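For reference, the structure discussed in these notes is given below.
What you are looking at is a predicted structure, and each value in this text was computed from that prediction instead of being measured. The sequence lines fix the lettering, A, B, ..., with proteins before strands; numbering per chain opens at 1.
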Number of protein chains: 2
Amino acid sequence: MLQANADIDNSQTLTERQQAVLDAALRLLVEEGDNLTMTAVARRASCSKETLYKWFGDRDGLLTATVQWQASKVRVAPVDGKGLDLASLAASLERFASDWLRVISSDTSIALNRVAVGHAGSGKDNLGAVVLENGRFALAKRLKPVLEAGRQAGLLEFSDAEMAFRTFFGLVGRDVQIRLLLGDRLELTEAAIGGDAIRATQQFLALFGATNGRKASS
Amino acid sequence: MLQANADIDNSQTLTERQQAVLDAALRLLVEEGDNLTMTAVARRASCSKETLYKWFGDRDGLLTATVQWQASKVRVAPVDGKGLDLASLAASLERFASDWLRVISSDTSIALNRVAVGHAGSGKDNLGAVVLENGRFALAKRLKPVLEAGRQAGLLEFSDAEMAFRTFFGLVGRDVQIRLLLGDRLELTEAAIGGDAIRATQQFLALFGATNGRKASS
DNA sequence: GCCGAACCGTAACGTACGGTACGCTGTTGT
DNA sequence: ACAACAGCGTACCGTACGTTACGGTTCGGC
């Protein structure tokens, strides 16, 4: 559901075995958070620590490889093109919204974001940049063409696609991600996700839809 | 700008010296992130580690004390009451929005949130809950009366104040907080904050304002 | 059947850091 | 004046973990 990639090397440079090791690391990361140890990863993956270090350099290397591996796994449904009527535009937006909510509320996304945020302060690695690139920015890159198409078709009105995207992003995500990252229980049922997607889409169309005369854009 | 508090003990139970120590810890936390050491705090605060442990128990105790200390420092401007016209309502909302944006883009808020997010996984302490309580939930507790007043005055239309608040939250914050937490450079100038506050308020009023017939609420 | 490479399991090393103990000094109360 | 104490500085201990080293095993190629 995520990831525009095209910048990281990913799956083909990794052997099957290496992918399995990274999967193990990923699972452990979800369970243990940032306090996973190299020993634990080795044990979980049934490999030796020496191999870990040979393949990934050091702990940070393993972490970034794991994050990129996860990023490369989640491929995007291409959203196809332009069925330029309002209904299909709304459907596309709703799909984006629910996909996005599903991602940010998933265990692995929460774990990955936690680790990346934790590492963002001390500039040893750039996990934060990786997560950002495959999360928020990938989403923008995928959604903007849809918004532009909507504008071309006369369905949407906005001056700046980036600004329109960010508004949509805010309407969809609201306080969900920060609450989840901070440990708030907040189980998003499939029904709730669907409802939120519809609501966010309606609100977005109310603000940027062309049919209604509205002075929403700054 | 932040914090409804009324749940944590805060300033009066702390001596001047202890507050100074916590200030030092806070400054160090901003600089070093979660890898500050007890030794470093002791040195920065010109106190002994023994004192640190006597006062705060252990490292987690020091961290939570620091977070609560910061929370207790930021007091809220009471927003006073009801000048029930649209202009003053908009002004209140704008003030909330800009205050909030200033908070979440401040170095100390970023550092605190990073630490809290990092700790949220492994349930040793409840930093996440503390931050959440003094951040997102405190904001809601302060803002909801304003929204309710707006509804009473016939200026706003919504069925659920919580839901209206979350929409406002999303419109104001958008992707700012997660980007900052993940290390994205994104300096918010005072002008940008003001502009965003106005935009968010306008969008919120477009969605929930009573004067315009609109089917925005889910 | 043998060689080397890749890899597993584990032991060992070094270090950083949380936590504790101790000696010294300045202050306070009597 | 002196005892009691709070607190500073520092040395110290134990441990957890990142990193390295090493012996044993499997496997593909000759």
Side-chain angles (χ1 to χ4, degrees), chain A residues 12-67 69 111 114-116 118-119 121-127, chain B residues 12-67 69 111 114-116 118-119 121-127:
Chain A
Q12 261 42 343
T13 82
L14 294 172
T15 74
E16 288 281 339
R17 183 81 184 100
Q18 287 172 329
Q19 297 179 8
V21 169
L22 290 183
D23 274 328
L26 188 59
R27 254 174 298 135
L28 213 47
L29 200 64
V30 171
E31 299 170 18
E32 304 279 340
D34 201 4
N35 31 16
L36 60 79
T37 78
M38 297 298 276
T39 313
V41 173
R43 195 160 35 219
R44 176 69 70 97
S46 294
C47 74
S48 78
K49 290 210 274 180
E50 188 172 23
T51 305
L52 247 39
Y53 282 101
K54 183 189 303 187
W55 284 348
F56 306 108
D58 59 359
R59 189 176 187 276
D60 284 327
L62 173 65
L63 253 46
T64 56
T66 304
V67 165
W69 167 236
R114 286 217 179 112
V115 177
H119 282 222
S122 46
K124 290 208 54 175
D125 44 34
N126 54 342
L127 285 187
Chain B
Q12 261 41 343
T13 81
L14 295 171
T15 74
E16 289 281 341
R17 182 79 181 102
Q18 288 171 328
Q19 297 179 7
V21 168
L22 289 183
D23 275 329
L26 189 59
R27 254 174 299 133
L28 213 47
L29 200 64
V30 171
E31 299 170 17
E32 304 278 341
D34 200 4
N35 29 17
L36 61 78
T37 79
M38 298 298 277
T39 313
V41 173
R43 194 159 35 218
R44 176 69 69 97
S46 294
C47 75
S48 76
K49 288 211 283 177
E50 189 169 23
T51 305
L52 248 37
Y53 282 102
K54 185 190 302 190
W55 284 349
F56 306 109
D58 59 359
R59 189 175 187 275
D60 284 326
L62 173 64
L63 253 45
T64 57
T66 305
V67 166
W69 166 237
R114 286 214 180 115
V115 178
H119 282 222
S122 45
K124 291 208 53 175
D125 45 34
N126 55 342
L127 285 187

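- Backbone-only engagement by B/L36 is indicated by non-hydrogen atom pairs under 4.0 Å involving sugar-phosphate atoms exclusively.
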Task: Verdict with supporting geometry, A/E31 and A/R44, salt bridge (charged side-chain N to carboxylate O under 4.0 Å, His left out) - done: CA-CA 12 Å; A/E31 299 170 18; A/R44 176 69 70 97; 2.8 Å; yes

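- Contact record, B/D60 with B/H119: OD1-CE1, 3.9 Å, taken as the closest heavy-atom pair.
- Distance, B/M38 CE to D/dG9 C1': 16 Å, rounded to whole Å.
- A donor-acceptor contact under 3.5 Å links the side chain of B/K49 to the base of C/dG19.
- No side-chain heavy atom of B/D34 sits less than 4.5 Å from a side-chain heavy atom of B/R114.
- At whole-Å resolution of the value, OH in B/Y53 and C1' in C/dA21 are 13 Å apart.
- Between the CD atom of B/E16 and the C1' atom of D/dA6 there is a distance of 17 Å, rounded to whole Å.
- Atoms CD (B/Q18) and C1' (D/dG7) sit 12 Å apart, rounded to a whole Å.
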Heteroatom pairs (N/O) under 3.5 angstrom, protein to nucleotides 5-8 of chain C:
unit_1: C/dC8; atom_1: OP1; unit_2: A/R17; atom_2: NE; d: 3.2
unit_1: C/dC8; atom_1: OP1; unit_2: A/R17; atom_2: NH2; d: 3.0
unit_1: C/dC8; atom_1: OP2; unit_2: A/S48; atom_2: N; d: 3.3
unit_1: C/dC8; atom_1: OP2; unit_2: A/T51; atom_2: OG1; d: 2.8
unit_1: C/dC8; atom_1: N4; unit_2: A/E50; atom_2: OE1; d: 3.3

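- Proximity of B/R17 to B/T51: side-chain heavy atoms (C-beta onward) are nowhere separated by under 4.5 Å.
- When the P atom of C/dG14 is taken as reference, atom CG of A/D58 falls 20 Å away, rounded to whole Å.
- At whole-Å resolution of the value, CG in B/L28 and P in C/dC17 are 12 Å apart.
- Between A/W69 and A/Q18 the shortest side-chain heavy-atom distance does not fall below 4.5 Å.
- In summary, of the residues considered (A/V30, A/V41, A/V115), a side chain to side chain contact (heavy atoms under 4.5 Å, CB included) with A/L36 occurs for A/V41 alone.
- Per the geometry, CZ belonging to A/R59 stands 12 Å off C1' belonging to D/dA16, to the nearest Å.
- Between the C1' atom of C/dC17 and the CG atom of B/D34 lies a distance of 13 Å, rounded to the nearest Å.
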